[in-house]
Amino acid sequence: MTAVEWLFEKLPTIDKYDPYYSKIIEQAKEMEKQQIIDAFWNGDNSDCTSEQNSKEFAEQYYNETFNKQ
């Protein structure tokens with residue numbers, strides 16, 4: 001679970017199914033996802049052989065770490 005997901009679960013007054021809030025939640029999740037991928041990519045990626053490989057590895061890391069529902 002990401003920090004954004006945790007936060008929205010802890011805010012009881014927000015209706016997650018309201019289209020307005022649903023859009024905000026998805027935007028926040030996408031922003032957080034990109035920040036996590038960027039941080040991973042800019043960190044230690046010495047196992048990657050190319051920039052493209054590094055980006056794919058960072059995306060894979062995010063999916064394996066945070067897409068567990």
Side-chain angles (χ1 to χ4, degrees):
M1 173 179 289
T2 68
V4 169
E5 292 168 333
W6 177 88
L7 174 63
F8 282 106
E9 282 192 10
K10 298 297 180 189
L11 297 173
T13 58
I14 291 181
D15 178 5
K16 292 185 265 186
Y17 302 104
D18 179 307
Y20 175 76
Y21 290 117
S22 180
K23 183 177 179 180
I24 290 172
I25 291 168
E26 288 309 311
Q27 288 174 336
K29 284 180 177 181
E30 191 58 37
M31 290 169 65
E32 183 178 42
K33 175 183 177 180
Q34 194 57 53
Q35 290 172 344
I36 291 169
I37 290 171
D38 290 347
F40 184 89
W41 186 45
N42 291 320
D44 179 17
N45 55 17
S46 58
D47 292 339
C48 300
T49 57
S50 69
E51 183 175 316
Q52 181 63 33
N53 182 293
S54 180
K55 288 180 183 179
E56 290 170 5
F57 194 67
E59 182 84 25
Q60 179 183 352
Y61 163 79
Y62 176 87
N63 289 331
E64 289 176 357
T65 304
F66 296 102
N67 278 342
K68 298 174 185 174
Q69 297 293 333

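Sequential numbering from 1 along the given sequence is applied to the chain's residues.
The line from CG of Leu7 to CD of Glu5 is 11.0 Å long, rounded to the nearest 0.5 Å. For the atom pair OG1 of Thr2 and CD1 of Ile36, the computed distance is 6.0 Å after rounding to the nearest 0.5 Å. Atom CD1 of Ile25 and atom OH of Tyr20 lie 11.0 Å apart (nearest 0.5 Å). With rounding to the nearest 0.5 Å, the separation of OH in Tyr62 from CD in Glu32 is 6.0 Å.
Comment: Glu26 engages Lys29 in a salt bridge, judged by a side-chain N to carboxylate O separation of less than 4.0 angstrom.
Note on residues 6-15: no pairs pass salt bridge (charged side-chain N to carboxylate O under 4.0 Å, His left out), not counting sequence neighbours.
By the salt bridge (Lys or Arg N to Asp or Glu O under 4.0 Å) test, Glu30 is found to be paired with no residue, residues two or more places apart in sequence or in another chain being considered.
In the hydrophobic clustering of this structure, Met1 groups with Phe8; members are Ile, Leu, Val, Met, Phe, Trp, Tyr whose side-chain heavy atoms approach within less than 4.5 Å, directly or through other members.
Contact of the Val4 side chain with the Phe66 side chain is not registered, since no non-hydrogen atoms from C-beta on lie closer than 4.5 Å.
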